[in-house]
Amino acid sequence: MVNQPAHPPLLSVVVPVHRVESYLHQCLDSVRTDVPAGDEAAVEIVAVDDASPDRCGELLRAYAAAHPGVRTVHLTRNVGLGPARNAGLDVATGTYVWFVDSDDWLPPGTVPAVLDRLRAHRPDVLLLDHLRVREDGGREVDASSPLLRGVPGVVRLADRPQLLRVQHTAWNKVVRRAFLDELGLRFHAGWYEDIPFSHPLLIGAERISVLDRVCYLYRQGRQGAITSTRSGRHFDAFDQYERLFDWVARRSSDDRLRADLFALMVGHLLVVVGNDHRMDPRLRRAFFHRVARHYRRYLPVGGYPRPAGAAGLKHRLVAGDAYLAYTLLRTAHRAAGRLRGARPVEPAATATATPAAPVPAADLPSDQPTALTGRG
């Protein structure tokens, strides 16, 4: 650890680091050089070397030695993204904390805008907009970004329930540290660690502020990124959703909230199972059947806002555990896309269509296979 701050800053930016040698300086520079002159004491960077096998540890030591306000933590073994964030959180001293991934970066003007909003609104959670940046440099608006428009002042989730459908990541939220401690939230090990962390922040917050400007550039397609890696570790998503629903069961009796979370879960898991960059075809059947089990386990008694169209049909196939019908639908959809000359694009994990009216549990398909819903 180096460069211990003399006075607590307003904002701690926690940056977990692993196998990002080519991107590390861009990330750190985008934060450090954006701090307004004369306001340097308001921001600290806590970079956590998660036992990175490349030169990241060496680069961090040199960077921290050259720049006041940058602190480093070096872990002796690789623990993964969630526990690495926890390690940074353990030593962060700021009133607010922001988890920034080390392969991403901030556009100019972000840090001053964030500091101004934190001082003006003193929120529990500050939500930020972002752009997806492809490897060819192209930038795309996230499908959930319109949900951030027109949110005035400070609100609660009950006032703006659509905010629950904003991308469920840690990096698009700046969180008041004392509020985080009040909720007792920490990151869990495993992939999809943001799920049981991000949703509870919005559910528990009394003061949510929205900074409707692009404050984060989210790199797409990097080799080694979770969303670009075929692995059995995508099954970790089921454990993370179990943790989320266990937390909600202890903290809330809001049936609408449970229904909305259920719809988000099913939509997200369908994105994972259908994405060739994530799902090994040999694992797709087993993953789909796990989705079906989670569907039946967490299905709200009063139903939920199932989407319309093809997305809603996929929900019905999951309800019936109809893997064969799902594969036929998926194949037909992709063939139609090829005929149109369109390249299939993965939707944002939490982006959903405008929900239809709640679907009562009794209206869902039965377990019995039919010609349309035969099991895989």
Side-chain angles (χ1 to χ4, degrees), residues 11 13-17 20 22-35 43 45 81 85 96-118 123 125-151 160 162-175 192 194-195 197-198 201-202 208-229 264 267-268 271-272 275 277-278 342-353:
L11 177 64
V13 180
V14 174
V15 184
V17 176
V20 290
S22 300
Y23 310 111
L24 183 56
H25 274 190
Q26 180 185 28
C27 176
L28 298 177
D29 285 346
S30 73
V31 179
R32 183 186 59 80
T33 62
D34 204 36
V35 178
V43 180
I45 299 174
L81 180 57
R85 286 173 174 166
Y96 287 86
V97 62
W98 186 5
F99 299 98
V100 172
D101 288 352
S102 50
D103 53 346
D104 301 328
W105 71 104
L106 313 183
T110 292
V111 175
V114 167
L115 294 177
D116 288 347
R117 182 58 60 89
L118 294 178
V125 180
L126 175 60
L127 275 171
L128 310 171
D129 199 4
H130 71 282
L131 290 177
R132 294 167 169 249
V133 183
R134 301 190 305 267
E135 285 293 283
D136 63 5
R139 300 186 177 190
E140 301 170 352
V141 175
D142 188 81
S144 69
S145 291
L147 301 173
L148 298 171
R149 309 289 179 258
V151 181
R160 289 290 191 276
Q162 73 270 21
L163 294 179
L164 194 67
R165 303 203 307 272
V166 173
Q167 180 92 332
H168 63 230
T169 56
W171 44 254
N172 64 354
K173 300 171 183 71
V174 182
V175 187
Y192 300 99
D194 289 341
I195 291 169
F197 183 86
S198 292
L201 290 176
L202 298 179
I208 301 172
S209 180
V210 174
L211 186 52
D212 184 11
R213 61 167 284 161
V214 174
C215 294
Y216 196 91
L217 299 174
Y218 175 33
R219 192 184 305 274
Q220 302 288 285
R222 176 180 69 83
Q223 184 176 5
I226 290 173
T227 53
S228 303
T229 303
L264 288 171
H268 180 206
V271 166
V272 176
N275 189 285
H277 296 294
R278 303 194 202 187
R343 175 178 175 271
V345 177
E346 174 193 358
T350 56
T352 60

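Hydrogens, waters and symmetry mates are skipped; everything else that's a heavy atom, side chains included, is used.
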* To do: Begin with the C-alpha distance, continue with both residues' side-chain angles, and end with the deciding distance and a verdict on side chain to side chain contact (heavy atoms under 4.5 Å, CB included) for V133 and Q220.
  => CA-CA 6 Å; V133 183; Q220 302 288 285; 5.8 Å; no
* Asked: Nearest 0.5 Å, what's the CG-CD distance between D194 and Q167?
  -> 9.0 Å
* Among V114, T110, L148, which one satisfies side-chain contact (heavy atoms from CB on, under 4.5 Å) with L211? -> V114
* To do: Using a 4.5 Å cut-off on heavy atoms from C-beta on, say whether the side chain of R149 contacts that of D212.
  => yes
* Structure fact -> Note: R85 and A170 closest approach over all heavy atoms is NH1-CB, 3.7 Å
* **Short side-chain to backbone donor-acceptor contact, D34 and V111, under 3.5 Å** => yes
* Output yes when a side-chain donor or acceptor of T33 lies under 3.5 Å from a complementary backbone atom of D29, and no otherwise. => yes
* **Distance-only donor-acceptor check, side chains N172 and T169, under 3.5 Å** => yes
* Asked: To the nearest 0.5 Å, how far apart are CG in L202 and CD1 in I208?
  -> 5.0 Å
* Between R219 and D104, is there a side-chain N and carboxylate O pair less than 4.0 Å apart? -> no
* To do: Please name all residues satisfying ring pair (Phe, Tyr, Trp, His ring centres under 6.0 Å) with Y192, sequence neighbours left out, ordered by chain then number.
  => H234, H268
* Structure fact -> When rounded to the nearest 0.5 Å, the distance separating CG of D142 from CG of L131 is 9.0 Å
* With side chain to side chain contact (heavy atoms under 4.5 Å, CB included) as the test, would you mind laying out the steps for L217 and R139 before giving the verdict? => CA-CA 9 Å; L217 299 174; R139 300 186 177 190; 3.9 Å; yes
* To do: Find out whether R278 and T229 are in side-chain contact, i.e. whether some heavy atom of one side chain is under 4.5 Å from a heavy atom of the other.
  => no
* Asked: Salt bridge or not for D129 and R213, using N-O below 4.0 Å?
  -> no
* **Shortest non-hydrogen separation from L106 to C215 and the atoms involved** => CD2-O, 3.4 Å
* Asked: Quick one: does V100's side chain get under 4.5 Å of V14's, heavy atoms only?
  -> no
* Could you walk me through whether I45 and L28 pass the side chain to side chain contact (heavy atoms under 4.5 Å, CB included) test, one step at a time? => CA-CA 8 Å; I45 299 174; L28 298 177; 4.0 Å; yes
* **Gap between atom CG of D101 and atom CG of L81 - 0.5 Å precision** => 5.5 Å
* Check: R117 and S209 side chains under 4.5 Å, non-hydrogen atoms -> yes
* Non-hydrogen side-chain atoms of V174 and L128 separated by less than 4.5 Å -> yes
* Structure fact -> Interatomic distance, OG@S198 vs NE2@H168, rounded to 0.5 Å, equals 7.5 Å
* To do: Just jot down the ring pair (Phe, Tyr, Trp, His ring centres under 6.0 Å) partners of W105, sequence neighbours excluded, or say none.
  => none
* Side chains of V13 and R32: does their closest heavy-atom pair fall under 4.5 Å? -> no
* **Distance in Å, R132 CZ paired with S145 OG, rounded so as to fall on 0.5 Å steps** => 9.0 Å
* Residue pair V20, C27: steps toward the side chain to side chain contact (heavy atoms under 4.5 Å, CB included) verdict -> CA-CA 10 Å; V20 290; C27 176; over 6 Å; no
* Structure fact -> Partner of W171 under ring pair (Phe, Tyr, Trp, His ring centres under 6.0 Å), picked from W98, Y218, F99, F197, is Y218
* To do: Flag the pair P123 / Y96 as yes when at least one side-chain heavy-atom distance between them is below 4.5 Å, and no otherwise.
  => yes
